Amino acid sequence: MHTIYGEKVESIVPLEMKLQLRKPTWTEKRDSIRLELECPVSYRTVTSSLGIFKKVSKPMSGMLLKPSMRGLRLLTSEAVPKETMVHITVEMTRLGYDRSYEVHGKVVWTDYSAKTKGFEQGVCLLDSGPDSKRWKKYIMECLQSTDRNWRGK
């Protein structure tokens, strides 16, 4: 009980105000769950000139970090410009798996990381890679095995 202007009331805040919920101030912007996986990769950048000719770079090495169904983070020693197409070979054989995967994507952001002392790129995966369907199936199987509440929706 509280006393307001000489009258005893149960609460200062009306009941309607007690039930109001606030929207969270931060929301997840990613549309796909990340998998805790780090794997060596080799990648090639693909640039086109005049919209006709494509130039493919020599293979360069990097590291794949936290992939998902729709994208991945690529750690490299050189910056890959935004909007660049990349062909990535995920070298799963180096982790003891029986095969590697080749996926294609487009760099959507790039930034220098003082923590890793390298460049990190966000890559949006495309459905055009030779192993894109197999890669998505692999990611889905890994997510299912880590989620105890998976119902196969």
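Nothing here was measured: the structure is a model prediction, and the numbers come from that model.
The backbone N or O of Leu74 sits less than 3.5 Å from a side-chain atom of Gln121, completing a donor-acceptor pair. With hydrogens and angles ignored, the 3.5 Å screen pairs no side-chain donor or acceptor of Thr84 with any backbone N or O of Val107.
Put simply, CG on Leu126 and CZ on Arg70 are 12.0 Å apart, with the number rounded to the nearest 0.5 Å. Atoms OG1 and NZ, from Thr47 and Lys55 in turn, are 6.0 Å apart once rounded to the nearest 0.5 Å. In this structure, CZ in Arg134 is found 11.5 Å from OG in Ser100, a value given to the nearest 0.5 Å. Once rounded to the nearest 0.5 Å, the distance linking OG of Ser42 with CZ of Arg94 reads 9.0 Å. Taking CD of Glu102 as the start and CG of Asp131 as the end, the distance is 6.5 Å to the nearest 0.5 Å. Note: Leu64 CG to Ile88 CD1 = 7.0 Å, rounded to the nearest 0.5 Å.
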Could you walk me through whether Val80 and Phe119 pass side-chain contact (heavy atoms from CB on, under 4.5 Å), step by step? CA-CA 8 Å; Val80 179; Phe119 292 91; over 6 Å; no
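Put simply, the side chain of Val41 does not reach to within 4.5 Å of the side chain of Glu91, judged on heavy atoms. Counting heavy atoms from C-beta on, the side chains of Ser132 and His104 never come closer than 4.5 Å. Contact annotation: the side chain of Trp109 approaches that of Arg73 to within less than 4.5 Å [non-hydrogen atoms, C-beta and beyond]. Under the 4.5 Å side-chain criterion, counting only non-hydrogen atoms from C-beta, Thr93 is not in contact with Asp98. Considering only heavy atoms from C-beta on, Val86 comes within 4.5 Å of Val123 through its side chain. At a threshold of 4.5 Å between non-hydrogen side-chain atoms, the residues Met63 and Pro40 count as touching. A heavy-atom distance below 4.5 Å is not found between the side chains of Arg44 and Met60.
Contact between Glu120 and Leu65 at its shortest, heavy atoms only, is OE2-CD1, 4.5 Å. Closest approach of Tyr43 to Glu78, counting heavy atoms only: OH-O, 4.4 Å. Counting all heavy atoms, side chain and backbone alike, Ala79 lies closest to Pro81 at O-CD, 3.8 Å. Minimum interatomic distance between Leu35 and Cys142 (heavy atoms only, all atoms of both residues): CD2-CB, 3.5 Å.
With respect to Asp127 and Lys136, a salt bridge is recorded, a charged nitrogen being found less than 4.0 Å from a carboxylate O.
Put simply, Leu125 and Val46 are part of two different groups of oily side chains (I, L, V, M, F, W, Y) that touch within less than 4.5 Å, one to the next. One hydrophobic cluster, built from ILVMFWY side chains closer than 4.5 Å, holds both Val103 and Leu37. Met92 and Met140 fall within the same hydrophobic cluster, defined by Ile, Leu, Val, Met, Phe, Trp and Tyr side-chain heavy atoms under 4.5 Å apart, directly or through other members.
Qualifying side-chain hydrogen bond (donor to acceptor under 3.5 Å, both in side chains) partners for Ser68, counting only residues two or more places apart in sequence or in other chains: Arg34. Take Lys137 and apply the side-chain contact (heavy atoms from CB on, under 4.5 Å) test, not counting sequence neighbours, and it matches Glu141. The salt bridge (charged side-chain N to carboxylate O under 4.0 Å, His left out) check on Lys106 picks up Glu83, with sequence neighbours excluded.
Ring geometry for Tyr97 against Tyr138 counts as perpendicular: the plane angle is over 60°, on a 0 to 90° scale with 30° as the lower cut.
Judged by the 6.0 Å and 45° rule, Arg99 forms a cation-pi pair with Tyr101.
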